[in-house]
Protein chains: 2
Amino acid sequence: MLNIDRPTLLVDEAKCRTNIQFMATKVKEKGIGLRPHFKTHQSIEIGRWFRDYGIDRIAVSSVPMAEYFAQDGWNDITIAFPFVLQQASSINKLAEKIKLQLTVSSITNAKHLTERVSENVGVFVEIDTGQGRSGIDYRNTHEITQTIEIISLKKNLRFCGFLSHAGQTYNHKPNEVIDIHSKAKESVLFLKNLYAEEFPDITVSYGDTPSSVLCEDFEGIDELRPGNFVFFDMQQASNGVCRTNGIASALACPVVNIYFEKSCAIIWGGAVHLSKDFYTQLNGIKSFGAICKLNNDLTWSEPIEGLYLESVSQEHGVIRADDPSALSALREGELIAVLPAHICLAVSCMREIRILNNGTVKCLGFYKS
Amino acid sequence: MLNIDRPTLLVDEAKCRTNIQFMATKVKEKGIGLRPHFKTHQSIEIGRWFRDYGIDRIAVSSVPMAEYFAQDGWNDITIAFPFVLQQASSINKLAEKIKLQLTVSSITNAKHLTERVSENVGVFVEIDTGQGRSGIDYRNTHEITQTIEIISLKKNLRFCGFLSHAGQTYNHKPNEVIDIHSKAKESVLFLKNLYAEEFPDITVSYGDTPSSVLCEDFEGIDELRPGNFVFFDMQQASNGVCRTNGIASALACPVVNIYFEKSCAIIWGGAVHLSKDFYTQLNGIKSFGAICKLNNDLTWSEPIEGLYLESVSQEHGVIRADDPSALSALREGELIAVLPAHICLAVSCMREIRILNNGTVKCLGFYKS
């Protein structure tokens, strides 16, 4: 089977392009911009597919990742992660070449940026709209104002607007996502309006995959910044954000043992390949991946009923069968496909992808920080 | 601070050598062999340190990892993972060069091996002594006998004995580890005795870091095969297997935001650097790492009281403070050190280590599957 001798990450190009097209079309219809987050695929080659759908600007999560994509001609990049002062000289070099936007997420963070970044860059103020991670709380207008003032004092810095990631939409059902999105959007639009007189042209950059896929009301938002949708994964599928047949990436793994008496099977495919994130199945049981048949052309089936990836250790994955008879779908020595719980982390673990396109397979390496 | 501009994995050579020496001395005193599992450090350079303590044989978890260490002159290697038939031709090539032992973990697995491995290799039968992962249940002597017979029929295969990993010792307190070890050891020694007449020279290869460190009774065991002890980590420390000052590896991370009002801080250091494993603190709360001060010479302090790594997303880590005042130990823009929950996975994520030795720092890359 096409020289697969170890756990191997596969990408179905057609499914992936369908996902990109869906999002590109949706934002166009809404009249807003799309700045896809490239931290999910981390690949120059897959990045190029986005250009076919009119995408000319991207988000990344680190300066080295921005440098990687800038090499391939991306010249409008937002680093959607708080300014890291140790990266200042790399930022200054990169900003000489491309249109670069940075993010500040606290007053001190903004001060550090003004002291160290000498080139012309745009600066977003990151707003915490409920995730509780980085960003200034949207209600803390005192600090937000101070942060904007610190940025505005420097001629080389352009205050771009507000950036927010409503990551609290993850692990919620569709109707809950709509509610969470509505509140998060209101919070950031409250700020946009508050500063509208002084800064009439600011941008609100917003978005996570669940709300970008499931929600319809983006009025006032200027650009969406989802990442995961390019591949989707079982976390998204289990929450109703995508269907399992829309998942564009799977890990091919050798089945090494089947134990009917223990009602489990062992695969070569563990935490070093998939990371250690999980999703919750309908029955409330955690799973680290869904188990599919791998076809000879390296496409894969829908998940096999009654099997799931119960645990992962370093190199082992343990497939649990609800009933031992479900194991008869597997054969020792054959390859199966695992739909990862969280594809962003699996990509980062694997750092090499094989792309399937009409029966051809192409191997590519990618970003390595 | 010595050019650290991003999350960087540090290894304290002195602490690491202390850990190696402890284990080498212990097994020598017990009169048994040590075959350290190199999946934890995955580095040729760190592997060489073991030679200073008389180690001449190792365990690894895959054929590519065996090839990597064979390059550096290791010529007695056990692959402590079930035979993967897709790796057969690589195995045959490697077995021409070194003394290689493989593992079979089911009857079918053994059949596949006999059909595909033509070179002279040793073969261990993996026994499940209670972990419930790979290996034939120790009570299933019918299948164990069949498996041994399948191996014994082939002239190029030498039945070596029984291999077991009592991974069920993980996440238990020391007194529980001693009980679990005692039962697991009895199970595998029951088999050794059962087949002693027919195979008087077989080896029992056994061991995991918790039991290898905490237990004293290894009578009947021929070699220990722990891996994690070379670095240790917070999973081991939280279970009383090591002290935090014995942990030999830490991730240096930039602190990017401190939020007193949210009682948290944000670091650049997430699941792509640490993976997503956790340990349980004394108070029952999960943590993805302990937070230490990083000194100018890149050594680190003991964990700071009242702070812990509450969550990791792709690039972000969220440090939670039990009380906001504990955050005053941190400074935005400075580097801190995180003691990982599970070092084997952090090493696999990072794939590059900086070694500290008396104030000098050396960078090395390492195994990449």
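Just so it is clear: chains get the letters A, B, ... in the order the sequence lines come, proteins before strands, and each one is counted from 1. All values reported here derive from a predicted model rather than from experimental measurement. Values below: all heavy atoms of this structure, side chains included; hydrogens, waters and symmetry mates excluded.
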Between Phe83(B) and Ile91(B), is there a side-chain heavy-atom distance shorter than 4.5 Å? yes
When heavy-atom pairs shorter than 4.5 Å are enumerated against chain A, which of Pro254(B), Ala265(B), Ser105(B) gives the highest number? Ser105(B)
At a heavy-atom separation under 4.5 Å, does His112(A) approach chain B through its side chain, its backbone, both, or neither? side chain
Could you walk me through whether Asn228(B) and Asp233(B) satisfy the side chain to side chain contact (heavy atoms under 4.5 Å, CB included) test, starting with their C-alpha distance in whole Å, then the side-chain angles of each, then the deciding distance to 0.1 Å, before giving a yes or no? CA-CA 8 Å; Asn228(B) 182 288; Asp233(B) 55 28; 2.9 Å; yes
Taking every heavy-atom pair that is under 4.5 Å apart, which of Asn257(B), Val256(B), Asp128(B) has the most such pairs with chain A? Asn257(B)
Report yes if some heavy atom in the side chain of Arg225(A) is under 4.5 Å from a heavy atom in the side chain of Leu163(A); otherwise report no. yes
Has Arg133(B) got a side-chain atom pairing as donor or acceptor with Gly130(B)'s backbone, closer than 3.5 angstrom? no
Examine the side chains of Ser275(A) and His342(A) and answer whether a donor and an acceptor come within less than 3.5 Å of each other. no
Heavy-atom nearest pair, Ser90(A) first then Val63(A), reads CB-CG1, 3.8 Å
So which part of Ile267(A) gets closer than 4.5 Å to some heavy atom of chain B, the side chain, the backbone, both or neither? backbone
Bottom line for Lys39(B): the part with an atom under 4.5 Å from chain A's heavy atoms is both
Contacting moiety of Glu334(B), where chain A heavy atoms sit under 4.5 Å: backbone
Select one option (side chain, backbone, both, neither) describing which atoms of Ile319(B) are under 4.5 Å from chain A's heavy atoms. neither
Relative to chain B, which segment of Val318(A) carries a heavy atom at a distance below 4.5 Å: side chain, backbone, both, or neither? side chain
Return the orientation label for the Trp268(B) and Phe81(A) ring planes: parallel under 30°, perpendicular over 60°, tilted otherwise. tilted
Which label fits Phe38(B) and Phe69(B): parallel for a plane angle under 30°, tilted from 30 to 60°, or perpendicular past 60°? perpendicular
Most contacts with chain B, counted as non-hydrogen pairs under 4.5 angstrom, among Glu310(A), Glu143(A), Gln314(A): Gln314(A)
Could you tell me which portion of Phe278(B) (side chain, backbone, both or neither) has an atom closer than 4.5 angstrom to a non-hydrogen atom of chain A? neither
Which atoms of Glu261(B) approach chain A - backbone, side chain, both or neither, heavy atom under 4.5 Å: side chain
